[in-house]
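As the structure is a prediction and not an experimental result, all values here were calculated from the model. Residue numbers start at 1 and run along the sequence shown.
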Amino acid sequence: QVQLVESGGGSVQAGGSLRLSCAASGYTFSNNYMAWFRQAPGKEREGVASIYTGGGSTSYADSVKGRFTISQDKAKNTVYLQMNNLKPEDTAMYYCAAPRGLIFGTGLAPHEYNYWGQGTQVTVSS
């Protein structure tokens, strides 16, 4: 049974930083993608960052480029999202996701993912 457990969310002021973690169990980091998504109230879920676990290449939403960094620790079966210079518009529930099959492209489309964590709340105040 695949389980994804996020942690590290919280409340920070604008300009602050947070580091999210996603621990995966029952799932092997093979040559595929892992990704972070977020969803704010009344908005659609959007892809924030993805990482190709085989080679480590990454993709980011334009809104977070230069501020967020996704990384992985295969030994710990964990994916991280380092978020710097946070803005109020980053406020959302953040989800970790993993696919059942192969993904072709940037890995930022929610419909390509089958396994989801419960989410961790990030709140940024101005």
Side-chain angles (χ1 to χ4, degrees):
Q1 182 180 358
V2 177
Q3 272 196 318
L4 304 176
V5 180
E6 303 99 333
S7 61
S11 296
V12 296
Q13 289 191 327
S17 297
L18 285 172
R19 188 194 194 204
L20 306 184
S21 299
C22 171
S25 59
Y27 189 84
T28 302
F29 282 22
S30 58
N31 293 332
N32 211 333
Y33 284 87
M34 294 287 292
W36 286 95
F37 294 83
R38 66 185 180 187
Q39 188 166 19
K43 294 189 177 182
E44 292 187 354
R45 190 168 295 189
E46 63 169 341
V48 174
S50 68
I51 185 166
Y52 181 65
T53 60
S57 60
T58 57
S59 295
Y60 297 92
D62 288 343
S63 58
V64 305
K65 281 181 182 176
R67 301 189 297 122
F68 290 12
T69 303
I70 187 171
S71 61
Q72 62 175 335
D73 185 333
K74 287 187 175 182
K76 295 183 178 180
N77 246 31
T78 299
V79 174
Y80 304 97
L81 186 67
Q82 177 67 44
M83 306 185 294
N84 298 329
N85 191 20
L86 282 160
K87 303 176 180 181
E89 51 264 43
D90 294 319
T91 295
M93 186 72 80
Y94 283 70
Y95 299 91
C96 173
R100 184 181 298 130
L102 294 177
I103 288 179
F104 301 94
T106 63
L108 292 176
H111 72 270
E112 295 178 305
Y113 291 82
N114 308 97
Y115 305 110
W116 295 84
Q118 81 289 350
T120 186
Q121 179 68 38
V122 171
T123 303
V124 185
S125 57
S126 56

Tell me the closest heavy-atom pair linking [X] and [Y], and the distance in Å.
X	Y	result
A35	Y113	CB-OH, 3.4 Å
S125	P88	C-CG, 4.5 Å
L102	N31	CD2-O, 3.9 Å
W36	S21	CH2-O, 3.6 Å
M34	A98	SD-CB, 3.4 Å
L81	A49	CD1-CB, 4.0 Å

Would E6 and Q118 satisfy side-chain contact (heavy atoms from CB on, under 4.5 Å), going step by step from the backbone distance to the final call? CA-CA 7 Å; E6 303 99 333; Q118 81 289 350; 2.9 Å; yes
Output yes when a side-chain donor or acceptor of [X] lies under 3.5 Å from a complementary backbone atom of [Y], and no otherwise.
X	Y	result
Y33	E112	no
Y60	S50	no
Q3	S25	no
T123	S11	no
T78	K76	yes
N32	G101	yes

Please evaluate residues D73 and Y80 with respect to the criterion side-chain contact (heavy atoms from CB on, under 4.5 Å), reporting the C-alpha separation (whole Å), side-chain torsions for both, the decisive distance (0.1 Å), and the verdict. CA-CA 8 Å; D73 185 333; Y80 304 97; 3.9 Å; yes
Angle between ring planes, W116 versus Y95, binned at 30° and 60°: parallel, tilted or perpendicular? perpendicular
Any chance you could lay out the side-chain contact (heavy atoms from CB on, under 4.5 Å) test for V124 and Q13, step after step, and finish with the verdict? CA-CA 5 Å; V124 185; Q13 289 191 327; over 6 Å; no
Give every residue pair that meets the disulfide (SG to SG under 2.5 Å) criterion with at least one member in residues 21-126, sequence neighbours excluded.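 Non-adjacent pairs meeting disulfide (SG to SG under 2.5 Å): C22-C96.
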Within-4.5 Å side-chain heavy-atom neighbours: L86 and T91: no
F29 and N77, any side-chain heavy atoms less than 4.5 Å apart: yes
Quick test of your reading of the model: are K87 and D90 salt-bridged, counting only N-O distances below 4.0 Å? no
Within a reach of under 6.0 Å around NZ of K74, are more than 12 heavy atoms found that belong to other residues, nucleotides or ligands?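 It does: K74 NZ has more than 12 such atoms within range.
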Decide whether I103 and L4 are clustered together by the hydrophobic rule: side chain heavy atoms of Ile, Leu, Val, Met, Phe, Trp, Tyr closer than 4.5 Å, transitively.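 No, I103 does not connect to L4 through the hydrophobic network.
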What residues, two or more places apart in sequence or in another chain, satisfy side chain to side chain donor-acceptor pair (under 3.5 Å) together with Y94? R38
Output, in order, the C-alpha distance, side-chain angles, deciding distance and verdict of side-chain hydrogen bond (donor to acceptor under 3.5 Å, both in side chains) for S17 and N84. CA-CA 4 Å; S17 297; N84 298 329; 3.0 Å; yes
Measuring from E44:CD to F37:CZ, what's the distance to the nearest 0.5 Å?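 Reported value, rounded in 0.5 Å steps: 12.5 Å.
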Working for side-chain contact (heavy atoms from CB on, under 4.5 Å), residues R100 and Y115: CA-CA 7 Å; R100 184 181 298 130; Y115 305 110; 3.4 Å; yes
